[in-house]
Amino acid sequence: MPFTQAPARPDSTAPDTPGARSSTTGTGLTAALARHQRLDAVVVGLVAALIGGAFLWVPSIWYDEAATVVAATRDWPGLWRTVQSVDAVHMGWYAAMHLWFDLIGYSPVTLRLPSVLCIGITSGLLVILARRFMPRRGAVAAGLLFAVLPRTTLVGTEGRTFALSALLAVALTLLLLTALDRSLQVNDSTRSRLPPATWWWAGYAALTIVSTTFFLYLALLVVAHAVTVLIVIAVRTPLTRTEIRAGVSFAVAATIGAIGTAPLALMAADQAGQVGWIDPPSIETVAHFLVTQWSPNNPGFAWLMWGLVALGVGASCLRREHRGTLAKLLPWLLVPSLALLALSFVGDPLWSPRYQTFSAPALALLMALGTTFIPSRRGVAVLLIVAAAVSAPSWSEQRQPTAKDGAAWDQVANVVSEERISSASSLEEGIIYGPVRRHAGATSRIISYTYPEAFTGMKDFTLQTHASETGGLWENQHDVENVLGEVDDLDVVWLVTSDRQDWRPKVTEMLDERGFALEQEWNLSRSNVLKFSR
């Protein structure tokens with residue numbers, strides 16, 4: 001079966017053919033189609049960016065985002081030392097965010113803004129990619145369904161690499177399909193009209209290296225692409241030199257990408273212990289794949305989602321001309337997750353729902369494929385409205401102040417900042433950073449990294465080795481008992497501590513012996529803030 005887009009539907013325009021009324025008319029139709037496609041992509045991308053970016057400043061920064069802040073705000077030698085010991089899988093992301101912060105500065109909004117831009121661009125590119133498989137209304141539906149997918153609306157408010165991984169996955173897939181088209185269509189009648197496939201394969205190899213530098217797990221997408229290429233070539237019988245050349249071209253490009261990725265992969269392999277928090281695969285993993293991975297905390301959307309996928313896959317299996325579409329989308333959706341699960345069974349657990357965010361565009365495409373079998377445009381429009389409505393509770397929940405792991409760090413910073421503003425400016429203040437909830441390797445000093453203005457000027461007398469000098473993400477600090485003499489020249493001492501590993505009793509007792517009394521206490525989500533004064 002030729003590796004070309006599906007036959008045109010009533011609301012799509014077929015490419016020029018020898019039977020076209022005239023080459024001039026065909027050229028005009030092609031140009032009009034390209035203009036519509038670009039306009040659709042821009043409009044859908046803007047809508048997706050608005051959905052993803054609305055109220056992104058409301059939720060507090062949390063632990064994972066703090067890792068981005070801490071790493072990306074270091075100087076280049078410090079960042080290089082960091083990724084050699086931890087988070088090598090995010091090396092490219094940290095470097096890019098370093099440049100971003102150098103350009104516009106750090107704030108919670110600027111931290112998350114790149115993810116919003118990535119979601120918008122991904123949705124736009126998805127429209128362009130979808131036009132290879134389905135008519136215009138299906139392509140627009142693909143971009144909009146991706147925009148309201150609960151996993152998408154979540155990563156759009158995250159200062160992490162996951163939204164970018166989805167963008168890179170779509171770009172890689174576009175390059176693959178273009179390169180494969182060019183390779184399989186090169187013959188005497190088309191050679192003069194088609195660009196050399198070699199350059200597209202070179203671009204694919206280069207983008208593979210770049211992509212895996214930003215997020216190493218994108219190497220699994222190349223494995224999925226290998227499955228796609230094998231299927232596409234296998235169904236073209238009998239095999240000719242053209243098919244063999246296309247397969248060899250992919251193999252060479254993928255090998256170059258693998259060689260370029262190998263140093264980073266080896267570095268990351270030495271850091272496997274940092275994902276020790278991931279549970280081994282179990283029967284619950286099935287539910288995580290079906291619901292949590294794509295529709296966290298929203299089973300209703302998961303039912304709608306898989307219903308559309310079933311409609312698209314089932315109907316496509318019945319229509320021969322659509323089966324090639326499944327060969328391009330199902331491996332993208334399934335192979336990365338299955339590969340991670342397989343690796344988790346034979347080695348350290350690696351499968352986590354958010355790590356497969358880069359497969360979310362494939363899911364949106366399969367959902368959109370289901371909409372193409374709905375007979376009317378009005379029916380598709382109603383379905384999109386229903387999808388947005390079912391997704392809305394997730395979108396709202398993800399934009400609550402404590403949406404991210406219950407963190408309320410911005411509230412901690414606001415309390416400290418407002419209280420300091422109302423106090424005498426001549427007071428000498430110090431701070432004790434206690435534990436932070438659920439992360440034994442860090443302290444509540446993490447809040448000062450993400451909301452630094454509130455803590456400026458305080459004496460951080462428990463700090464032993466600054467985070468930038470440890471080679472890891474977090475600092476080392478003295479035991480409070482060993483440096484308590486440092487409070488003798490202070491007027492105010494603050495304590496920020498977890499509500500679980502609670503330092504309030506012991507610190508209150510130690511400071512009482514030094515002449516400090518508890519002046520005020522604030523109990524916030526997962527954190528306690530105490531102010532002691534003489």
Side-chain angles (χ1 to χ4, degrees), residues 61-102 106 108 110-112 114-115 118 155 158-169 209-221 260-279 336 340 343-344 347-358 404-405 407 409 436 438-443 445-447 449-450 465-476:
I61 303 297
W62 71 300
Y63 183 86
D64 278 20
E65 291 182 301
T68 297
V69 176
V70 169
T73 53
R74 293 178 177 174
D75 59 22
W76 290 110
L79 177 56
W80 175 242
R81 288 194 300 271
T82 299
V83 297
Q84 287 181 300
S85 62
V86 65
D87 271 0
V89 294
H90 300 297
M91 181 171 66
W93 171 252
Y94 289 158
M97 291 302 291
H98 181 105
L99 295 172
W100 176 251
F101 290 151
D102 283 347
Y106 163 73
T110 61
L111 169 66
R112 292 167 174 166
S115 292
C118 287
V155 300
E158 289 262 303
R160 294 296 277 173
T161 190
F162 303 114
L164 176 61
S165 73
L167 170 57
L168 292 170
I209 297 171
V210 172
S211 298
T212 52
T213 301
F214 279 101
F215 187 55
L216 183 59
Y217 285 17
L218 278 166
L220 297 174
L221 179 61
T261 301
L264 179 61
L266 293 173
M267 187 186 302
D270 292 335
Q271 302 172 10
Q274 74 179 84
V275 291
W277 53 270
I278 298 179
D279 295 326
L340 275 182
L343 291 171
S344 298
D348 295 325
L350 296 173
W351 188 90
S352 176
R354 55 186 174 162
Y355 288 171
Q356 281 75 55
T357 299
F358 62 83
K404 297 190 181 299
D405 201 36
W409 298 356
V436 65
R438 293 182 59 181
H439 297 286
T443 69
R445 189 178 281 100
I446 199 173
I447 303 175
Y449 297 147
T450 50
T465 306
H466 194 275
S468 62
E469 301 172 359
T470 62
L473 286 173
W474 314 119
E475 72 288 334
N476 296 323

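Numbers here are sequence positions counted from 1. Keep in mind that what you see is a predicted model, and the values were worked out from it rather than measured.
If you take CG on L340 and OH on Y355, they are separated by 9.5 Å, rounding to the nearest 0.5 Å. The distance from the CG atom of L164 to the OG atom of S211 is 8.0 Å, given to the nearest 0.5 Å. Here the CG atom belonging to L220 is positioned 11.0 Å from the OG1 atom belonging to T212, to the nearest 0.5 angstrom.
Taking 4.5 Å as the limit, every side-chain heavy atom of D405 sits out of range of all side-chain heavy atoms of Y63. Side chains of L168 and F358 form no contact here, defined as non-hydrogen atoms less than 4.5 Å apart. A 4.5 Å side-chain heavy-atom check between W93 and P114 finds at least one atom pair inside the cut-off. Side-chain contact check for M91 versus L216: every heavy-atom pair is 4.5 Å or farther apart.
Under the rule for a side-chain hydrogen bond (donor to acceptor under 3.5 Å, both in side chains), N476 has no partner lying at least two apart in sequence or in another chain. T357 pairs by the side-chain hydrogen bond (donor to acceptor under 3.5 Å, both in side chains) definition with nothing, not counting sequence neighbours. Residues passing the salt bridge (charged side-chain N to carboxylate O under 4.0 Å, His left out) test with R445, sequence neighbours excluded: D460, E475. The side-chain hydrogen bond (donor to acceptor under 3.5 Å, both in side chains) check on E65 picks up R112, with sequence neighbours excluded. In this view, F215 and H90, F162, Y217 satisfy the ring pair (Phe, Tyr, Trp, His ring centres under 6.0 Å) rule, not counting sequence neighbours. Remark: F101 pairs with Y106 by the ring pair (Phe, Tyr, Trp, His ring centres under 6.0 Å) rule, at least two apart or across chains.
With hydrogens and angles ignored, the 3.5 Å screen pairs a side-chain donor or acceptor of W100 with a backbone N or O of T110. The backbone N or O of W351 sits less than 3.5 Å from a side-chain atom of S344, completing a donor-acceptor pair.
The minimum heavy-atom distance linking L473 with A467 is given by the pair O-CB, 3.4 Å. For S468 against R81, the heavy-atom pair with the smallest separation is O-NH2, 3.5 Å. Closest approach of T213 and L264 over heavy atoms only: CA-CD2, 3.6 Å. When all heavy atoms are compared, the tightest approach of A163 to S115 is CB-O, 3.7 Å. Closest of all the heavy-atom pairs between P263 and G260 is CD-O, 3.6 Å. Closest heavy-atom contact between A407 and W62: CB-CB, 4.0 Å.
Considering H439, K404, R354 as possible partners of D64, the one that fulfils the side-chain hydrogen bond (donor to acceptor under 3.5 Å, both in side chains) test is R354. Under the side chain to side chain contact (heavy atoms under 4.5 Å, CB included) test applied with Y94, the options V83, T82, T73 reduce to a single match, V83.
Aromatic pair Y449/W409: ring centres not closer than 6.0 Å.
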Show your reasoning for whether side chain to side chain donor-acceptor pair (under 3.5 Å) applies to T68 and R160.
-> CA-CA 7 Å; T68 297; R160 294 296 277 173; 2.9 Å; yes
